[in-house]
Q: 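I'd like to ask some things about the structure below.
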Amino acid sequence: MSVRVRFAPSPTGKLHIGNARTAIMNWVFARHENGTFILRIEDTDVERSSEESERGILQDLHWLGLNWDEGPDVGGPHGPYRQSERLVIYREHAERLLQEGKAFYCYCTPDELEERKQKAIAEGRSANYDGRCRNLTEAERQAFEAEGRKPVIRFHVPEVDLSFDDIVRGEVTFPAGQIGDFIILRADGMPTYNFACVVDDGLMQITHVIRGDDHLSNTPKQIALYQAFGWETPHFAHIPMILGPDRTRLSKRHGATSVEEFAKHGYLPQALINYLSLLSWSSESGEEILSVQRLIDEFDFSRVSKSPAIFDVVKLNWMNGVYIRQMDVPHLTDLCVPYLKKAGYKLPDRLVLEKIIRVVQPSLEKLEDVIAKSEMFFIDESEPENEQAVVMLNRESTQKVFWSFLRQLDTIGQMTVEQFRKIMKVVSEETGVMGKDLWMPVRIALTGKMHGPDLPLVAEILGKEKCRRLIKRWVLE
RNA sequence: GUCCCCUUCGUCUAGUGGUUAGGACUCAGGAUUUUCGAUCCUGCAACAGGGGUUCGAAUCCCCUAGGGGACGCCA
(Lines give C-alpha, C1' and ligand atoms only; values in the text may rest on other atoms or scores of the structure.)
Protein backbone atom coordinates (compact mmCIF):
# COMPACT_ATOMS: atom_id res chain seq x y z
CA MET A 1 0.00 0.00 0.00
CA SER A 2 1.27 3.40 -0.88
CA VAL A 3 2.27 5.73 1.92
CA ARG A 4 -0.14 8.48 2.88
CA VAL A 5 0.89 11.01 5.51
CA ARG A 6 -0.55 14.29 6.62
CA PHE A 7 0.43 17.48 8.35
CA ALA A 8 -2.48 18.78 10.37
CA PRO A 9 -1.87 22.21 11.87
CA SER A 10 -4.49 24.12 13.74
CA PRO A 11 -4.78 27.67 12.44
CA THR A 12 -4.47 29.40 15.79
CA GLY A 13 -1.33 31.39 15.12
CA LYS A 14 1.88 31.45 13.17
CA LEU A 15 3.56 28.33 11.88
CA HIS A 16 5.84 27.42 14.74
CA ILE A 17 9.32 26.02 14.25
CA GLY A 18 8.36 22.79 15.99
CA ASN A 19 5.36 22.30 13.76
CA ALA A 20 7.41 23.19 10.74
CA ARG A 21 9.80 20.41 11.63
CA THR A 22 6.89 17.98 11.88
CA ALA A 23 5.68 19.15 8.48
CA ILE A 24 9.15 18.71 7.04
CA MET A 25 9.48 15.17 8.38
CA ASN A 26 6.11 14.18 6.98
CA TRP A 27 6.90 15.73 3.65
CA VAL A 28 10.38 14.30 3.39
CA PHE A 29 9.10 10.86 4.33
CA ALA A 30 6.28 11.09 1.78
CA ARG A 31 8.65 12.12 -0.97
CA HIS A 32 11.15 9.47 0.05
CA GLU A 33 8.44 6.82 -0.21
CA ASN A 34 6.86 8.26 -3.33
CA GLY A 35 3.78 8.62 -1.23
CA THR A 36 1.10 11.24 -0.76
CA PHE A 37 1.46 14.28 1.47
CA ILE A 38 -1.79 15.73 2.71
CA LEU A 39 -2.47 19.05 4.38
CA ARG A 40 -5.40 19.12 6.73
CA ILE A 41 -6.58 22.12 8.71
CA GLU A 42 -7.68 21.30 12.24
CA ASP A 43 -9.89 24.26 13.00
CA THR A 44 -12.30 22.76 15.50
CA ASP A 45 -11.39 25.32 18.10
CA VAL A 46 -13.71 28.06 16.90
CA GLU A 47 -12.48 30.49 19.51
CA ARG A 48 -8.88 30.50 18.46
CA SER A 49 -8.90 29.50 14.81
CA SER A 50 -8.75 32.14 12.13
CA GLU A 51 -8.63 32.28 8.36
CA GLU A 52 -5.73 34.65 8.64
CA SER A 53 -3.69 32.06 10.52
CA GLU A 54 -4.56 29.45 7.94
CA ARG A 55 -3.39 31.72 5.12
CA GLY A 56 -0.20 32.44 7.02
CA ILE A 57 0.53 28.78 7.59
CA LEU A 58 -0.01 27.90 3.95
CA GLN A 59 2.24 30.75 2.96
CA ASP A 60 4.99 29.67 5.34
CA LEU A 61 4.75 26.10 4.11
CA HIS A 62 5.10 27.33 0.55
CA TRP A 63 8.03 29.49 1.55
CA LEU A 64 9.75 26.44 2.97
CA GLY A 65 9.25 24.77 -0.37
CA LEU A 66 6.83 22.12 0.82
CA ASN A 67 4.03 21.13 -1.53
CA TRP A 68 1.04 18.95 -0.80
CA ASP A 69 -0.91 16.55 -2.96
CA GLU A 70 -4.21 16.95 -1.18
CA GLY A 71 -5.36 19.88 0.90
CA PRO A 72 -7.93 22.62 1.42
CA ASP A 73 -6.65 24.71 -1.46
CA VAL A 74 -5.88 21.92 -3.93
CA GLY A 75 -8.69 19.51 -3.09
CA GLY A 76 -8.40 15.74 -3.41
CA PRO A 77 -10.46 12.56 -3.24
CA HIS A 78 -10.84 12.54 0.55
CA GLY A 79 -12.00 16.10 1.18
CA PRO A 80 -12.98 18.39 2.53
CA TYR A 81 -9.64 19.03 4.18
CA ARG A 82 -10.82 21.54 6.71
CA GLN A 83 -12.32 20.00 9.82
CA SER A 84 -14.88 22.74 10.18
CA GLU A 85 -16.32 21.52 6.89
CA ARG A 86 -16.55 17.92 8.05
CA LEU A 87 -18.87 18.36 11.00
CA VAL A 88 -21.58 16.05 9.64
CA ILE A 89 -19.00 13.33 9.26
CA TYR A 90 -18.00 13.57 12.90
CA ARG A 91 -21.63 13.71 13.97
CA GLU A 92 -22.37 10.53 12.01
CA HIS A 93 -19.44 8.71 13.48
CA ALA A 94 -20.31 9.79 16.98
CA GLU A 95 -23.89 8.59 16.45
CA ARG A 96 -22.57 5.28 15.34
CA LEU A 97 -20.56 4.84 18.53
CA LEU A 98 -23.59 5.93 20.53
CA GLN A 99 -25.78 3.32 18.85
CA GLU A 100 -23.21 0.62 19.41
CA GLY A 101 -23.06 1.51 23.08
CA LYS A 102 -19.44 2.61 22.79
CA ALA A 103 -20.19 6.20 23.65
CA PHE A 104 -22.63 8.01 25.92
CA TYR A 105 -24.08 11.40 26.69
CA CYS A 106 -22.52 13.20 29.61
CA TYR A 107 -24.25 16.09 31.34
CA CYS A 108 -21.54 17.07 33.80
CA THR A 109 -20.61 20.74 33.68
CA PRO A 110 -16.99 21.88 33.49
CA ASP A 111 -17.25 23.19 37.04
CA GLU A 112 -18.52 19.89 38.40
CA LEU A 113 -15.82 18.04 36.53
CA GLU A 114 -13.09 20.29 37.86
CA GLU A 115 -14.32 20.00 41.40
CA ARG A 116 -14.40 16.20 41.29
CA LYS A 117 -11.00 16.10 39.67
CA GLN A 118 -9.42 18.23 42.40
CA LYS A 119 -11.00 16.05 45.02
CA ALA A 120 -9.72 12.91 43.32
CA ILE A 121 -6.18 14.29 43.19
CA ALA A 122 -6.38 15.34 46.82
CA GLU A 123 -7.44 11.83 47.76
CA GLY A 124 -4.71 10.31 45.64
CA ARG A 125 -7.08 8.87 43.08
CA SER A 126 -6.87 9.07 39.32
CA ALA A 127 -7.64 12.49 37.85
CA ASN A 128 -9.56 10.86 35.02
CA TYR A 129 -13.24 11.23 34.33
CA ASP A 130 -15.05 9.21 36.95
CA GLY A 131 -17.70 7.68 34.70
CA ARG A 132 -20.54 9.50 36.38
CA CYS A 133 -22.84 9.63 33.32
CA ARG A 134 -21.77 6.34 31.82
CA ASN A 135 -24.95 4.50 32.75
CA LEU A 136 -27.55 7.18 33.02
CA THR A 137 -31.16 5.99 33.01
CA GLU A 138 -33.60 7.56 30.62
CA ALA A 139 -35.23 9.33 33.55
CA GLU A 140 -31.96 10.82 34.71
CA ARG A 141 -31.26 12.01 31.21
CA GLN A 142 -34.66 13.64 30.98
CA ALA A 143 -34.04 15.38 34.28
CA PHE A 144 -30.75 16.86 33.09
CA GLU A 145 -32.31 17.90 29.81
CA ALA A 146 -35.11 19.57 31.75
CA GLU A 147 -32.46 21.53 33.65
CA GLY A 148 -31.39 22.85 30.32
CA ARG A 149 -28.04 21.10 30.34
CA LYS A 150 -26.40 20.52 26.97
CA PRO A 151 -24.69 17.14 26.88
CA VAL A 152 -21.36 16.20 25.40
CA ILE A 153 -20.65 12.78 23.97
CA ARG A 154 -17.98 10.76 25.68
CA PHE A 155 -16.24 7.69 24.40
CA HIS A 156 -16.37 4.71 26.72
CA VAL A 157 -12.76 3.59 26.85
CA PRO A 158 -12.48 -0.20 27.18
CA GLU A 159 -10.59 -1.50 30.21
CA VAL A 160 -7.75 -3.11 28.35
CA ASP A 161 -4.04 -2.52 28.02
CA LEU A 162 -3.33 -0.47 24.97
CA SER A 163 0.00 -0.85 23.29
CA PHE A 164 1.49 -0.02 19.97
CA ASP A 165 4.78 -0.31 18.20
CA ASP A 166 6.00 3.20 17.63
CA ILE A 167 8.40 3.52 14.72
CA VAL A 168 10.82 5.63 16.70
CA ARG A 169 9.97 4.66 20.30
CA GLY A 170 9.45 0.97 19.90
CA GLU A 171 6.86 -0.86 21.98
CA VAL A 172 4.84 1.49 24.18
CA THR A 173 2.18 0.19 26.56
CA PHE A 174 -0.45 2.05 28.54
CA PRO A 175 -1.97 -0.08 31.28
CA ALA A 176 -5.73 -0.61 31.37
CA GLY A 177 -7.77 1.88 33.35
CA GLN A 178 -5.34 4.72 32.91
CA ILE A 179 -7.43 6.50 30.36
CA GLY A 180 -10.67 8.13 31.33
CA ASP A 181 -13.72 8.31 29.09
CA PHE A 182 -12.95 11.34 27.01
CA ILE A 183 -15.16 13.76 25.15
CA ILE A 184 -15.50 13.19 21.44
CA LEU A 185 -18.22 15.69 20.65
CA ARG A 186 -18.55 18.93 22.55
CA ALA A 187 -21.81 20.47 23.68
CA ASP A 188 -21.80 22.72 20.65
CA GLY A 189 -21.43 19.73 18.35
CA MET A 190 -17.78 20.33 17.51
CA PRO A 191 -15.53 17.29 17.66
CA THR A 192 -12.50 17.22 19.93
CA TYR A 193 -9.00 16.72 18.67
CA ASN A 194 -8.61 13.03 19.44
CA PHE A 195 -11.89 12.17 17.78
CA ALA A 196 -11.65 14.34 14.67
CA CYS A 197 -8.08 13.23 14.22
CA VAL A 198 -8.98 9.53 14.19
CA VAL A 199 -12.07 9.94 12.01
CA ASP A 200 -10.07 11.95 9.49
CA ASP A 201 -6.94 9.83 9.55
CA GLY A 202 -9.12 6.76 9.15
CA LEU A 203 -11.23 8.13 6.34
CA MET A 204 -8.29 9.74 4.60
CA GLN A 205 -6.51 6.40 4.76
CA ILE A 206 -3.45 7.78 6.47
CA THR A 207 -0.82 5.06 6.74
CA HIS A 208 1.71 6.83 8.96
CA VAL A 209 1.01 9.34 11.67
CA ILE A 210 4.18 11.36 12.17
CA ARG A 211 3.88 13.97 14.89
CA GLY A 212 5.53 15.47 17.95
CA ASP A 213 5.92 13.21 20.94
CA ASP A 214 3.69 15.47 22.99
CA HIS A 215 1.01 13.35 21.33
CA LEU A 216 2.41 10.09 22.62
CA SER A 217 -0.08 9.87 25.45
CA ASN A 218 -2.95 10.70 23.10
CA THR A 219 -2.14 7.67 21.04
CA PRO A 220 -3.80 5.02 23.24
CA LYS A 221 -7.03 7.02 23.16
CA GLN A 222 -6.86 7.18 19.43
CA ILE A 223 -6.09 3.50 19.10
CA ALA A 224 -9.10 2.69 21.25
CA LEU A 225 -11.16 4.73 18.79
CA TYR A 226 -9.71 2.94 15.77
CA GLN A 227 -10.62 -0.34 17.41
CA ALA A 228 -14.13 0.85 18.20
CA PHE A 229 -14.62 1.70 14.54
CA GLY A 230 -13.06 -1.56 13.46
CA TRP A 231 -10.44 0.30 11.50
CA GLU A 232 -6.87 -0.68 10.97
CA THR A 233 -4.55 1.54 12.99
CA PRO A 234 -1.91 3.49 11.11
CA HIS A 235 1.74 3.31 12.00
CA PHE A 236 2.81 5.90 14.53
CA ALA A 237 6.09 7.76 14.62
CA HIS A 238 6.51 10.16 17.51
CA ILE A 239 9.37 12.50 16.93
CA PRO A 240 11.03 14.35 19.81
CA MET A 241 10.07 17.91 20.51
CA ILE A 242 12.21 20.96 20.01
CA LEU A 243 13.08 22.74 23.24
CA GLY A 244 14.39 26.18 24.13
CA PRO A 245 17.80 26.69 25.78
CA ASP A 246 16.14 26.28 29.19
CA ARG A 247 14.91 22.84 28.15
CA THR A 248 11.28 23.79 28.16
CA ARG A 249 8.95 23.79 25.21
CA LEU A 250 10.02 26.36 22.67
CA SER A 251 7.92 29.47 23.04
CA LYS A 252 7.86 33.18 22.31
CA ARG A 253 10.05 34.05 25.22
CA HIS A 254 12.88 32.11 23.56
CA GLY A 255 12.94 34.68 20.77
CA ALA A 256 11.91 34.04 17.20
CA THR A 257 9.86 30.86 16.95
CA SER A 258 7.74 31.27 13.86
CA VAL A 259 8.78 30.46 10.34
CA GLU A 260 7.58 33.89 9.29
CA GLU A 261 10.02 35.60 11.63
CA PHE A 262 12.93 33.54 10.37
CA ALA A 263 11.96 34.41 6.82
CA LYS A 264 11.78 38.06 7.71
CA HIS A 265 15.25 38.11 9.22
CA GLY A 266 16.68 36.61 6.09
CA TYR A 267 17.10 32.95 6.82
CA LEU A 268 17.01 30.81 3.71
CA PRO A 269 14.35 28.12 3.47
CA GLN A 270 16.91 25.48 2.47
CA ALA A 271 19.03 26.35 5.49
CA LEU A 272 16.06 26.24 7.84
CA ILE A 273 14.94 22.89 6.44
CA ASN A 274 18.47 21.56 6.65
CA TYR A 275 18.94 22.71 10.23
CA LEU A 276 15.54 21.52 11.42
CA SER A 277 16.06 18.13 9.77
CA LEU A 278 19.23 17.68 11.78
CA LEU A 279 17.37 18.09 15.03
CA SER A 280 16.80 14.48 16.10
CA TRP A 281 17.91 13.07 12.80
CA SER A 282 21.31 12.52 11.25
CA SER A 283 22.61 11.44 7.90
CA GLU A 284 24.40 8.12 7.81
CA SER A 285 27.22 9.91 6.01
CA GLY A 286 27.74 12.18 9.00
CA GLU A 287 27.53 15.19 6.73
CA GLU A 288 25.48 18.15 7.85
CA ILE A 289 25.07 20.38 4.85
CA LEU A 290 22.42 18.44 2.97
CA SER A 291 20.30 19.53 0.06
CA VAL A 292 16.58 18.91 0.19
CA GLN A 293 17.03 16.17 -2.38
CA ARG A 294 19.61 14.43 -0.21
CA LEU A 295 17.35 14.77 2.78
CA ILE A 296 14.65 13.01 0.79
CA ASP A 297 17.00 10.35 -0.52
CA GLU A 298 18.60 9.58 2.81
CA PHE A 299 15.68 9.89 5.20
CA ASP A 300 15.22 6.88 7.43
CA PHE A 301 13.25 6.57 10.66
CA SER A 302 15.87 4.32 12.16
CA ARG A 303 18.10 7.38 12.36
CA VAL A 304 15.62 9.50 14.28
CA SER A 305 16.63 9.88 17.91
CA LYS A 306 14.29 9.62 20.86
CA SER A 307 15.48 12.53 22.93
CA PRO A 308 14.38 16.12 22.55
CA ALA A 309 16.67 18.65 20.90
CA ILE A 310 17.44 22.18 21.97
CA PHE A 311 17.08 24.78 19.30
CA ASP A 312 20.45 26.45 18.83
CA VAL A 313 20.15 29.63 16.84
CA VAL A 314 23.93 30.03 16.76
CA LYS A 315 24.31 26.87 14.73
CA LEU A 316 21.41 27.84 12.52
CA ASN A 317 23.17 31.14 11.87
CA TRP A 318 26.32 29.33 10.87
CA MET A 319 24.42 27.03 8.55
CA ASN A 320 22.50 29.89 7.00
CA GLY A 321 25.85 31.60 6.37
CA VAL A 322 27.10 28.49 4.62
CA TYR A 323 24.12 28.60 2.28
CA ILE A 324 24.59 32.31 1.66
CA ARG A 325 28.23 31.78 0.79
CA GLN A 326 27.33 28.98 -1.60
CA MET A 327 24.86 31.13 -3.45
CA ASP A 328 25.73 32.76 -6.75
CA VAL A 329 26.00 36.53 -6.61
CA PRO A 330 23.12 37.48 -8.94
CA HIS A 331 20.71 35.36 -6.97
CA LEU A 332 21.99 36.62 -3.64
CA THR A 333 21.68 40.17 -4.95
CA ASP A 334 18.04 39.61 -5.80
CA LEU A 335 17.41 38.39 -2.28
CA CYS A 336 19.26 41.32 -0.71
CA VAL A 337 17.54 44.08 -2.65
CA PRO A 338 14.38 44.17 -0.49
CA TYR A 339 16.50 44.58 2.64
CA LEU A 340 18.57 47.37 1.10
CA LYS A 341 15.46 49.15 -0.08
CA LYS A 342 13.89 48.80 3.31
CA ALA A 343 16.98 50.41 4.81
CA GLY A 344 16.35 53.37 2.53
CA TYR A 345 19.54 52.98 0.52
CA LYS A 346 19.69 54.49 -2.94
CA LEU A 347 20.63 51.54 -5.11
CA PRO A 348 23.32 51.91 -7.77
CA ASP A 349 23.18 50.13 -11.09
CA ARG A 350 23.11 46.36 -11.10
CA LEU A 351 26.79 45.91 -11.91
CA VAL A 352 27.92 47.93 -8.91
CA LEU A 353 25.28 46.37 -6.72
CA GLU A 354 26.53 42.89 -7.51
CA LYS A 355 30.08 44.01 -6.74
CA ILE A 356 28.93 45.19 -3.34
CA ILE A 357 27.11 41.96 -2.64
CA ARG A 358 30.13 39.93 -3.72
CA VAL A 359 32.29 41.87 -1.28
CA VAL A 360 30.01 41.45 1.73
CA GLN A 361 28.81 37.93 0.95
CA PRO A 362 31.34 36.10 3.18
CA SER A 363 30.34 38.12 6.19
CA LEU A 364 26.59 37.53 6.02
CA GLU A 365 24.84 35.08 8.28
CA LYS A 366 21.36 36.33 7.51
CA LEU A 367 20.17 38.41 4.59
CA GLU A 368 19.29 41.28 6.90
CA ASP A 369 22.98 41.55 7.85
CA VAL A 370 23.54 43.06 4.43
CA ILE A 371 22.10 46.33 5.71
CA ALA A 372 24.86 46.87 8.24
CA LYS A 373 27.63 45.23 6.25
CA SER A 374 27.11 47.32 3.15
CA GLU A 375 26.23 50.61 4.81
CA MET A 376 29.55 52.17 3.87
CA PHE A 377 28.67 52.02 0.19
CA PHE A 378 25.38 53.78 0.55
CA ILE A 379 25.99 56.71 2.84
CA ASP A 380 27.87 59.89 1.99
CA GLU A 381 30.41 59.70 4.74
CA SER A 382 30.88 57.35 7.66
CA GLU A 383 31.86 58.70 11.04
CA PRO A 384 34.69 56.92 12.85
CA GLU A 385 33.07 54.09 14.77
CA ASN A 386 34.89 54.70 18.04
CA GLU A 387 37.50 56.70 19.92
CA GLN A 388 40.31 54.44 18.83
CA ALA A 389 39.44 55.13 15.22
CA VAL A 390 39.59 58.87 15.85
CA VAL A 391 43.01 58.49 17.43
CA MET A 392 44.19 56.61 14.36
CA LEU A 393 43.04 59.41 12.10
CA ASN A 394 44.84 62.05 14.14
CA ARG A 395 48.21 60.40 14.13
CA GLU A 396 51.03 62.41 12.62
CA SER A 397 51.91 59.69 10.13
CA THR A 398 48.32 59.62 8.99
CA GLN A 399 48.54 63.14 7.64
CA LYS A 400 51.59 62.23 5.58
CA VAL A 401 49.78 59.18 4.28
CA PHE A 402 46.69 61.13 3.31
CA TRP A 403 48.66 63.87 1.53
CA SER A 404 50.57 61.31 -0.39
CA PHE A 405 47.41 59.36 -1.13
CA LEU A 406 45.68 62.41 -2.59
CA ARG A 407 48.67 63.21 -4.79
CA GLN A 408 48.73 59.68 -6.13
CA LEU A 409 45.01 59.80 -6.78
CA ASP A 410 45.61 62.44 -9.42
CA THR A 411 47.89 60.13 -11.34
CA ILE A 412 45.29 57.49 -12.02
CA GLY A 413 42.26 57.27 -14.22
CA GLN A 414 39.60 55.05 -12.74
CA MET A 415 39.87 53.56 -9.30
CA THR A 416 40.37 49.83 -9.55
CA VAL A 417 41.66 47.16 -7.22
CA GLU A 418 45.01 47.23 -9.01
CA GLN A 419 45.27 51.02 -8.99
CA PHE A 420 44.48 51.14 -5.30
CA ARG A 421 47.17 48.58 -4.52
CA LYS A 422 49.61 50.55 -6.61
CA ILE A 423 48.75 53.78 -4.85
CA MET A 424 49.16 52.21 -1.43
CA LYS A 425 52.51 50.84 -2.43
CA VAL A 426 53.75 54.22 -3.61
CA VAL A 427 52.35 55.95 -0.54
CA SER A 428 54.19 53.49 1.63
CA GLU A 429 57.47 54.11 -0.21
CA GLU A 430 56.97 57.86 -0.11
CA THR A 431 56.08 58.13 3.56
CA GLY A 432 57.87 55.16 5.06
CA VAL A 433 54.64 54.20 6.77
CA MET A 434 53.54 50.60 6.33
CA GLY A 435 51.38 47.75 7.52
CA LYS A 436 48.62 48.52 9.89
CA ASP A 437 49.76 52.14 10.37
CA LEU A 438 49.27 52.66 6.68
CA TRP A 439 46.11 50.73 5.97
CA MET A 440 44.06 51.34 9.07
CA PRO A 441 43.75 55.13 8.76
CA VAL A 442 42.79 54.80 5.12
CA ARG A 443 40.20 52.18 6.03
CA ILE A 444 38.73 54.38 8.73
CA ALA A 445 38.62 57.41 6.48
CA LEU A 446 36.91 55.46 3.72
CA THR A 447 34.53 53.31 5.79
CA GLY A 448 34.49 54.67 9.33
CA LYS A 449 35.15 51.13 10.52
CA MET A 450 38.24 49.39 11.87
CA HIS A 451 37.23 46.14 10.24
CA GLY A 452 35.68 45.23 6.96
CA PRO A 453 36.22 43.65 3.59
CA ASP A 454 39.42 43.82 1.62
CA LEU A 455 40.12 47.54 1.20
CA PRO A 456 41.04 47.60 -2.51
CA LEU A 457 37.68 46.02 -3.28
CA VAL A 458 35.95 48.65 -1.19
CA ALA A 459 37.88 51.46 -2.84
CA GLU A 460 37.03 50.27 -6.31
CA ILE A 461 33.34 50.31 -5.51
CA LEU A 462 33.55 53.69 -3.81
CA GLY A 463 35.26 55.11 -6.89
CA LYS A 464 38.00 57.67 -7.27
CA GLU A 465 36.05 60.80 -6.47
CA LYS A 466 34.38 59.47 -3.36
CA CYS A 467 37.75 58.19 -2.13
CA ARG A 468 39.21 61.61 -2.70
CA ARG A 469 36.41 63.33 -0.82
CA LEU A 470 36.54 60.92 2.12
CA ILE A 471 40.30 61.22 2.52
CA LYS A 472 40.29 64.97 2.03
CA ARG A 473 37.82 65.29 4.84
CA TRP A 474 40.50 64.28 7.34
CA VAL A 475 43.36 66.29 5.94
CA LEU A 476 44.28 69.30 8.05
CA GLU A 477 44.75 72.42 5.95
C1' G B 1 -0.61 12.81 42.51
C1' U B 2 -1.17 8.84 38.40
C1' C B 3 0.61 7.14 33.72
C1' C B 4 3.96 7.43 29.43
C1' C B 5 8.62 8.93 27.43
C1' C B 6 13.72 10.66 27.50
C1' U B 7 19.20 11.10 29.49
C1' U B 8 26.91 10.74 25.17
C1' C B 9 31.26 17.26 25.13
C1' G B 10 27.85 23.96 26.67
C1' U B 11 24.56 22.69 22.04
C1' C B 12 23.27 19.19 17.70
C1' U B 13 24.84 14.28 17.22
C1' A B 14 27.85 9.26 15.71
C1' G B 15 27.91 4.87 18.37
C1' U B 16 23.34 -1.30 18.56
C1' G B 17 29.20 -5.84 23.92
C1' G B 18 35.84 -5.05 22.65
C1' U B 19 36.71 2.48 19.63
C1' U B 20 42.75 6.55 22.01
C1' A B 21 34.21 7.39 22.61
C1' G B 22 34.15 10.13 16.27
C1' G B 23 32.03 14.55 13.75
C1' A B 24 29.52 19.55 13.62
C1' C B 25 28.42 24.42 16.07
C1' U B 26 30.45 27.59 19.88
C1' C B 27 35.03 28.90 22.30
C1' A B 28 40.65 29.22 22.45
C1' G B 29 45.27 29.11 19.71
C1' G B 30 47.86 29.10 14.99
C1' A B 31 48.41 29.83 9.51
C1' U B 32 46.88 33.60 5.82
C1' U B 33 45.82 39.01 5.41
C1' U B 34 46.31 45.92 5.81
C1' U B 35 41.78 44.69 9.54
C1' C B 36 37.41 41.78 10.35
C1' G B 37 35.24 38.03 7.95
C1' A B 38 35.84 33.72 5.00
C1' U B 39 39.27 29.60 4.55
C1' C B 40 42.78 25.83 6.48
C1' C B 41 45.16 23.53 10.83
C1' U B 42 45.40 22.50 16.16
C1' G B 43 43.22 22.38 20.85
C1' C B 44 39.46 22.44 25.14
C1' A B 45 35.24 19.55 26.22
C1' A B 46 30.79 14.07 27.24
C1' C B 47 28.74 8.37 28.25
C1' A B 48 23.46 11.58 34.90
C1' G B 49 24.42 8.37 39.54
C1' G B 50 24.31 3.47 41.73
C1' G B 51 23.83 -1.65 41.36
C1' G B 52 23.90 -6.02 38.47
C1' U B 53 24.73 -9.52 33.71
C1' U B 54 29.48 -10.47 31.17
C1' C B 55 36.24 -12.22 30.29
C1' G B 56 34.66 -7.28 28.68
C1' A B 57 29.69 -2.49 28.96
C1' A B 58 28.04 4.29 26.44
C1' U B 59 25.74 -0.12 24.39
C1' C B 60 21.75 -5.46 27.98
C1' C B 61 18.72 -5.56 32.99
C1' C B 62 17.16 -3.11 37.69
C1' C B 63 16.96 1.09 40.97
C1' U B 64 17.63 6.36 41.91
C1' A B 65 17.94 11.27 40.21
C1' G B 66 16.90 14.94 36.64
C1' G B 67 14.06 16.55 32.45
C1' G B 68 9.78 16.39 29.22
C1' G B 69 4.73 15.06 28.08
C1' A B 70 -0.39 13.51 29.08
C1' C B 71 -4.35 13.38 32.61
C1' G B 72 -8.88 20.06 28.70
C1' C B 73 -15.93 20.90 26.05
C1' C B 74 -6.91 23.06 23.37
C1' A B 75 -4.41 20.78 19.53
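Residue numbers start from 1 in every chain, and the chains themselves are labelled A, B, ... in the order their sequence lines are given, proteins ahead of strands.
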Q: For B/A57, what is the paired nucleotide under Watson-Crick or G-U wobble rules, both distances under 3.5 Å?
A: none
Q: Evaluate the ring planes of A/Tyr107 and A/Phe144, with Trp represented by its six-membered ring, and classify them as parallel (under 30°), tilted (30 to 60°) or perpendicular (over 60°).
A: parallel
Q: Tell me whether the side-chain N/O atoms of A/Ser363 come closer than 4.0 Å to OP1 or OP2 in B/A38.
A: no
Q: Between A/Thr192 and B/G72, is there a contact of a side-chain N or O with OP1 or OP2 at under 4.0 Å?
A: no
Q: Rounded to the nearest Å, what distance is computed from the CD1 atom of residue A/Ile184 to the P atom of nucleotide B/C74?
A: 15 Å
Q: Do A/Asp214 and B/A75 have a side chain to base donor-acceptor pair shorter than 3.5 Å?
A: no
Q: Can you check the distance between B/G15 and B/C60, where both ends of the measurement are the C1' atom (answer in whole Å)?
A: 15 Å
Q: Provide, to the nearest angstrom, the distance between the NZ atom belonging to A/Lys373 and the P atom belonging to B/A38.
A: 9 Å
Q: Mind checking who B/G1 pairs with, Watson-Crick or G-U wobble, both distances under 3.5 Å?
A: B/C71
Q: Categorize A/Arg303 for me: base, sugar-phosphate, or nothing, with a 4.0 angstrom heavy-atom threshold over every strand shown.
A: sugar-phosphate
Q: Rounding to an integer number of angstrom, what distance separates B/C12 and B/U7 when you compare their C1' atoms?
A: 15 Å
Q: Hey, is A/Trp318 stacking on B/C25? Ring centres under 5.5 Å, planes under 30°.
A: no
Q: Of all the choices, B/A75, B/A38, B/C6, which nucleotide is nearest to the side chain of A/Tyr193 once you look at every atom?
A: B/A75
Q: In whole Å, what is the span from the CG atom of A/Leu455 to the P atom of B/U35?
A: 12 Å
Q: Rounding to an integer number of angstrom, what distance separates B/A24 and B/U19 when you compare their P atoms?
A: 22 Å
Q: Under 3.5 Å for both donor-acceptor distances, Watson-Crick or wobble: does B/G29 have a partner, and if so which one?
A: B/C41
Q: Sticking with atom C1', work out how far B/G10 lies from B/C27, rounded to a whole angstrom.
A: 10 Å
Q: Against A/Phe182, only a single residue in A/Phe104, A/Phe155, A/Tyr193 fulfils ring pair (Phe, Tyr, Trp, His ring centres under 6.0 Å); can you say which?
A: A/Phe155
Q: Does any nucleotide pair with B/U19 by Watson-Crick or G-U wobble geometry, both distances under 3.5 Å, and what is it?
A: none
Q: Checking all strands, does A/His238 fall into the base, sugar-phosphate, or nothing category for heavy-atom contacts under 4.0 angstrom?
A: nothing
Q: Under 3.5 Å, is there a donor-acceptor pair between the A/Asp246 and A/His254 side chains?
A: yes
Q: Angle between ring planes, A/Phe301 versus A/Phe29, binned at 30° and 60°: parallel, tilted or perpendicular?
A: tilted
Q: Output the rounded distance in Å from CG (A/Leu162) to C1' (B/C4).
A: 13 Å
Q: Identify which nucleotide among B/U34, B/C12, B/C36 has an atom closest to any side-chain atom of A/His451, counting heavy atoms from C-beta outward.
A: B/C36
Q: Rounded off to whole Å, could you give me the CE-to-C1' distance for the A/Met319 and B/U11 pair?
A: 13 Å
Q: Would you mind reading off the distance between A/Asn218 atom CG and B/A70 atom P, rounded to a whole angstrom?
A: 8 Å
Q: Salt-bridged, A/Arg40 to A/Asp201, with N to O below 4.0 Å?
A: yes
Q: Classify A/Lys221 by what it touches in the nucleic acid, base, sugar-phosphate, or nothing, heavy-atom distance under 4.0 Å.
A: sugar-phosphate
Q: Considering every strand and a 4.0 Å limit on heavy-atom distances, what is the contact class for A/Glu42: base, sugar-phosphate, or nothing?
A: sugar-phosphate
Q: Checking base pairs now: Watson-Crick or wobble, both atom distances under 3.5 Å. What partners B/U34?
A: none
Q: Is A/Arg421 near enough to B/U34 that one of its side-chain N or O atoms lies under 4.0 angstrom from OP1 or OP2?
A: no
Q: Base, sugar-phosphate alone, or nothing: which one does A/Thr12 contact when heavy atoms must sit under 4.0 Å apart?
A: nothing
Q: Side chains of A/Asn218 and A/His215: any donor to acceptor distance under 3.5 Å?
A: yes
Q: How far does the P atom of B/G18 sit from the matching atom of B/U11, given to the nearest Å?
A: 26 Å
Q: If you check every side-chain atom of A/Asp45, which of B/C74, B/C3, B/U13 has the closest atom?
A: B/C74
Q: Going by distance alone, is a donor N or O of one side chain under 3.5 Å from an acceptor N or O of the other, for A/Tyr90 and A/Asp200?
A: yes
Q: For A/Arg21 and B/C12, what is the distance between atoms CZ and C1' respectively, to the nearest whole Å?
A: 12 Å
Q: Could you state the CG-C1' distance from A/Leu216 to B/C6, rounded to the nearest angstrom?
A: 11 Å
